Visitor: 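One structure is given below, represented as structure tokens, and several questions about it will come after.
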Protein chains: 2
Amino acid sequence: MELAEAKLKFIEAWGKLGSEWGINRTMAQVHALLLVSPEALTTEEVMAELSISRGNANMTLRDLIDWGLVEKQHKTGERKEFFFAEKDTWVIARKVAEERKKRELDPVLKILGQLTEIEGDEKDPAFKTFKTSVTDINKLAKNVNKTLDTMLKAEESWFFGSIFKIFK
Amino acid sequence: MELAEAKLKFIEAWGKLGSEWGINRTMAQVHALLLVSPEALTTEEVMAELSISRGNANMTLRDLIDWGLVEKQHKTGERKEFFFAEKDTWVIARKVAEERKKRELDPVLKILGQLTEIEGDEKDPAFKTFKTSVTDINKLAKNVNKTLDTMLKAEESWFFGSIFKIFK
DNA sequence: TTAAACTTTCAAAAATAAATGAAAATAATT
DNA sequence: AATTATTTTCATTTATTTTTGAAAGTTTAA
């Protein structure tokens, strides 16, 4: 297999994985493209490589910047903007975890917290089942939350070096 | 807040979270409904509670059964089928992890494995960047995979008792 | 065996999400 | 300050996903 083919396969696989996890396929593909590019790319280049429109490329790149996965670069003498991706997988994993925690877990935790406080007739099976299920899910969510918090503070070496040795 | 309202909020929140993670909103809602129901429900009841069509209810329930999150129940003297959800959050978390690993992580690992074997000119920056990025992502994916394998084998008490204490 | 009760299927419709592209806005250059 | 290069916006179009509902299929029981 040659590089060009491998690159396409990688972009395709990354896009598919992204879409299965609620991330826009094109966004994951642009990310993949930048990940394997040694140089920062222009919007034009992204458009050409992935055959997408200017508007799509522009919005997708902005989203990636919002996620903290891509940065703008200005080259002296050049008027165009260049884009490059953070390449450290540990940093990528942390940024994605951080962003999804903030956008999705935190709001759910807030609602679960409210729902666990509901009061009612302990004799009523409907009430009891509701309370038990919600309380249990809340517990799990809090554990996930705590784990993510710790991970976000952790050092790469600690993460790769220690955590995974616990699981063996 | 009363039970009926809380139930709706829970179903809505669970549906939203599901859709943000690539799980059909209705499927997450049906799951939420069964989670908080003390008794197994019929297709009719699911249809009525969530205002969805028969076809939708039927397919969604089948999907939930495929995921191992819901089971059919037959009541003696009753002709209809009843559906109830696994309520142990640890079991739910494991089943979801197991299923998504099988459906999404395993295929990606296979592709990444192939891509890391590509050979080329080490002097070429395009080649070097590709190789480095793919190798790093492969490493991360393998670590995630190993962690999930361990989790799937683990006992609840071990998981809740030990793991989360490491992160504190 | 046949009629009623219930479940499954799937083509078509509806809803939702994503992409386009031309126009507007902004920024740099002459 | 006018021209040109570049980026951003967003109404519209296109693609994808989800839902519907009626028909076909299956099971049970009289």
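Note that the structure is a prediction, hence the values are computed from the model and not measured. What you see below is based on every heavy atom in this structure, not just the backbone, and it leaves out hydrogens, waters and symmetry mates. Within every chain, numbering begins at 1; the chains are lettered A, B, ... in the order of the sequence lines, protein sequences first and strands thereafter.
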Visitor: So with a 6.0 Å cut-off around NZ of Lys75(A), is the heavy-atom count from everything else above 12?
Guide: yes
Visitor: Quick one: are Phe83(A) and Val70(A) in side-chain contact, heavy atoms under 4.5 Å?
Guide: yes
Visitor: Between Glu99(B) and Lys102(B) (salt bridge meaning N to carboxylate O under 4.0 Å), is one present in this structure?
Guide: yes
Visitor: Hey, is Lys87(B) close enough to Asp136(A) for a salt bridge, meaning N to O under 4.0 Å?
Guide: no
Visitor: How about Val91(A) and Leu69(A): do any of their side-chain heavy atoms sit closer than 4.5 Å?
Guide: no
Visitor: Less than 4.0 Å between a side-chain N and a carboxylate O, is that true for Lys16(A) and Glu104(B)?
Guide: no
Visitor: What string of B, S and - do you get for nucleotides 11-27 of chain C 5' to 3' if you count protein non-hydrogen atoms under 4.0 Å?
Guide: -------SSBB-----B
Visitor: Nucleotide range of DNA chain D contacted by chain A, 5' to 3', under 4.0 Å to a heavy atom?
Guide: dT4(D) to dC10(D)
Visitor: Is any side-chain heavy atom of Arg100(A) less than 4.5 Å from a side-chain heavy atom of Trp21(A)?
Guide: yes
